[in-house]
Amino acid sequence: MDQAPGSPQGPLERGPAGRGPAGDGPLGDGHGGAGLPTCYRHPDRETGIRCTRCERPICPECMVDASVGFHCPQCARGGSGSGPAPAASRPRTLAGGSVAADPRLVTKVLIGLNVAFFLVQMSVGDRFTHRFELLGQAYDPLLGSVEGVAQGQWYRLLTAMFLHGGFLHIAFNMLSLWWIGGPLEAALGRARYLALYLASGLAGSALSYLIAAPNQPSVGASGAIFGLFGAMAVLMRRLRYDMRPVVALLVINLVITFGWGGIAWQAHVGGLVAGLIVGYAMVHAPRERRALVQYGTCALVLVAVVVMTLIRTAQLG
C-alpha cells in the first residue's frame, strides 16, 4: 500500500517513518460436492464453465477459445491428438494469453523483487529509500538537495512501487499480491498480467504525485495491488462467480484507506481505477482484435500517467 510516513498499520500496509507531512489429468465430471463443479484437470479449482464439445468443467487456465464458447485442451487438440497442428490449438487463457507451466511465475518474480528491494532498504538505510521513494518536490537534508519527480526524477513513479516502510507493510502487501495476483496471472497470462500490474501501479503513483502535497513521500506496491483487486472483480463478474468475497475485501481496504491517517489514498484510487479499466479490456476484448484492445488500453493508461505527471510538474516548476 502506498503510504505516507507515520501512518498506522492496516491489512495491507504500514507506513514508514520519514520526513514531511503526511497440464491434462484423469477424465471425469469433476463435481466438488454441493458446490460448483471442479476443473477436470485441476480438481482443486471450482468453475462454472464447461467445454462446449465434451461438457467437462474447465477452469480459466484450461480454457481454449472456440468459435462458440470454450474448449478443453484435449478437444482443442482434436481428442486423440489428431487435428490441427499443436501450435494452432495451443491452450489459451481466458484473456488470450499462453497457458504457462507455472501460472504464478510473474507473481513470484514480483514478490522476489519487492523483497530484494526491501532488503536493500534495510541494509543501506534511509539514504536509499529517500533516493527512490515517490516524492513530488522537496529539499532532502539527507541528500543535501531538492529532490522529486518535478526535478526530472520520473523513475520515482516506478521505483516507489517496490519500496516499503516496514516488515508489516511488505508482509501484508506481498500476501495480498500472492492471494490476488496468482489466480489473476493464471487467468490472463504472463504478459497481460504484468502489463496490468505496471499500468495500475504507475497510475497510482501519478495520481498521488498530482494530488498529494509535493513534500509528502510515499512508498508501497498497493497502487498496483488495488489495480489487481479491480481486475479480479471484473474477471469474477465475467465468469459469473460469487463476487461478494472480493467486493467485501475491497470495501474493507477502502475503508482502511480513507479511515486511517497517513495513508496515500491517491495511489489506491488511481491503481483501482486503472485496474478496472485495464481488467475490463483484458477479459471483454473481442477475439478478432483482442491484443490491440488490450494493449491499446494499457497504452492509454500510460498516456494518462504522462499527462498527469506533466501537469503536476508544470505546477511545481
Side-chain angles (χ1 to χ4, degrees), residues 1-3 9-16 23 42 44 60-61 93 95 97-134 154-205 208 217-232 235 249 253 264 267-268 271-272 274-275 278-279 282 298 302:
M1 178 175 291
D2 282 23
Q3 187 159 1
Q9 67 186 61
L12 284 181
E13 45 206 62
R14 178 177 182 273
H42 303 95
D44 60 326
E61 182 181 340
T93 67
S98 299
V99 173
D102 183 355
R104 289 177 177 254
L105 179 62
V106 174
T107 299
K108 293 174 183 176
V109 171
L110 289 172
I111 292 175
L113 287 173
N114 277 277
V115 171
F117 274 97
F118 182 71
L119 292 177
V120 174
Q121 285 182 264
M122 296 298 99
S123 300
V124 177
D126 289 344
R127 189 176 184 87
F128 178 84
T129 302
H130 288 201
R131 176 66 67 185
F132 296 103
E133 67 191 356
L134 181 61
W154 284 38
Y155 60 84
R156 291 176 179 266
L157 298 171
L158 177 64
T159 56
M161 296 163 51
F162 296 93
L163 303 179
H164 290 82
F167 288 101
L168 288 179
H169 189 197
I170 189 171
F172 284 127
N173 271 355
M174 295 304 100
L175 282 173
S176 297
L177 178 54
W178 180 254
W179 289 334
I180 300 295
L184 199 54
E185 179 183 351
L188 300 182
R190 291 174 180 172
R192 289 162 175 81
Y193 170 73
L194 182 59
L196 166 69
Y197 184 92
L198 294 177
S200 299
L202 289 172
S205 293
S208 185
S218 63
V219 294
S222 55
I225 292 172
F226 264 73
L228 301 186
F229 271 120
M232 179 61 77
L235 176 65
L249 188 57
N253 279 281
H268 299 183
L272 177 60
V278 175
M282 291 293 181
C298 291
L302 294 181

Measure the spacing between [atom1] of [X] and [atom2] of [Y] and express it to the nearest 0.5 Å.
{"X": "Leu134", "Y": "Ser218", "atom1": "CG", "atom2": "OG", "result": "4.0 Å"}
{"X": "Leu175", "Y": "Ile180", "atom1": "CG", "atom2": "CD1", "result": "11.5 Å"}
{"X": "Met232", "Y": "Trp179", "atom1": "CE", "atom2": "CH2", "result": "13.5 Å"}
{"X": "Cys298", "Y": "Leu198", "atom1": "SG", "atom2": "CG", "result": "9.0 Å"}
{"X": "Asn114", "Y": "Met174", "atom1": "CG", "atom2": "CE", "result": "3.5 Å"}
{"X": "Phe118", "Y": "Ser123", "atom1": "CZ", "atom2": "OG", "result": "10.0 Å"}

Main-chain N/O of [Y] paired with [X] side-chain donor or acceptor, under 3.5 Å:
{"X": "Ser208", "Y": "Gly204", "value": "no"}
{"X": "Thr93", "Y": "Leu188", "value": "yes"}
{"X": "Thr159", "Y": "Phe132", "value": "yes"}
{"X": "Gln121", "Y": "His164", "value": "yes"}
{"X": "Arg104", "Y": "Gly181", "value": "no"}
{"X": "Glu185", "Y": "Leu105", "value": "yes"}

Item to check | Pairs flagged by side chain to side chain donor-acceptor pair (under 3.5 Å) wherever residues 186-200 is involved - sequence neighbours left out | outcome: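 Side chain to side chain donor-acceptor pair (under 3.5 Å) check on residues 186-200 returns Thr107-Tyr193, Arg192-Gln294.
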Which pair of heavy atoms, one from [X] and one from [Y], lies closest together, and at what distance?
{"X": "Ser176", "Y": "Ile225", "value": "CB-CG2, 3.9 Å"}
{"X": "His130", "Y": "Arg156", "value": "O-NH1, 3.0 Å"}
{"X": "Trp178", "Y": "Pro183", "value": "O-CD, 4.0 Å"}
{"X": "Leu235", "Y": "Ala187", "value": "CD2-CB, 3.5 Å"}
{"X": "Gly279", "Y": "Ala231", "value": "CA-CB, 3.9 Å"}
{"X": "Val219", "Y": "Thr129", "value": "CG1-CG2, 4.4 Å"}

Checklist entry - Is there a side-chain contact between Leu110 and Leu177 (heavy atoms, below 4.5 Å)? => result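 In short, these two side chains touch, coming nearer than 4.5 Å.
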Checklist entry - With sequence neighbours left out, what residues match Phe117 under side-chain contact (heavy atoms from CB on, under 4.5 Å)? => result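 Phe117: side-chain contact (heavy atoms from CB on, under 4.5 Å) contacts with Phe128, Phe162, Leu163.
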